[in-house]
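Here the structure is a predicted model, which is why all the values come from computation and not from measurement.
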Amino acid sequence: MRQIYRDDESIGRVRRWQDEDGGLTREWFTAERKKGAFYEPIAGEHATFEEALERIVMYGVAH
């Protein structure tokens, strides 16, 4: 998990998930924006860390 900051304030985080099925490991990322003291998912699963990070940045600029 990586916290994402803007001007020393946390605006969200990116979490990495893994699932093993039949010897294969599947990996995906989720973007979560900070809302008060909690985190709220944004736009489902993402294939890469960079895609999830981009969602947080874009959401932060728009709101």
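- At a cut-off of 3.5 Å, with distance as the only test, no side-chain donor of Y59 or E40 sits close to an acceptor on the other residue.
- To the nearest 0.5 Å, atom CZ of residue R15 and atom CZ of residue F29 are 12.5 Å apart.
- For D21, the CG atom sits in a loose shell: 12 or fewer heavy atoms of surrounding residues, nucleotides or ligands are nearer than 6.0 Å.
- The shortest non-hydrogen separation linking A31 to A52 is CB-O, 3.4 Å.
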Worked check of side-chain contact (heavy atoms from CB on, under 4.5 Å) between V14 and I56: CA-CA 8 Å; V14 174; I56 292 173; 3.7 Å; yes

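- The pair R26-E45 counts as a salt bridge, with a side-chain nitrogen and a carboxylate oxygen less than 4.0 angstrom apart.
- Between F49 and the choices E27, R2, E54, R16, the side-chain contact (heavy atoms from CB on, under 4.5 Å) rule is met once, by R2.
- At most 12 heavy atoms of other shown residues, nucleotides or ligands fall within 6.0 angstrom of atom CD in E9.
- By the 4.5 Å heavy-atom criterion applied to side chains, K34 and I11 are not counted as neighbours.
- A side-chain N or O of Q3 and one of S10 form a donor-acceptor pair less than 3.5 Å apart.
- The minimum heavy-atom distance between E32 and I42, with the atom names listed, is C-CD1, 4.2 Å.
- W28 and L53 end up in different hydrophobic clusters when Ile, Leu, Val, Met, Phe, Trp and Tyr side chains are linked at under 4.5 Å.
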Would you sort out whether T48 and H46 count as a side-chain contact (heavy atoms from CB on, under 4.5 Å), showing the intermediate values? CA-CA 6 Å; T48 66; H46 304 281; 5.9 Å; no

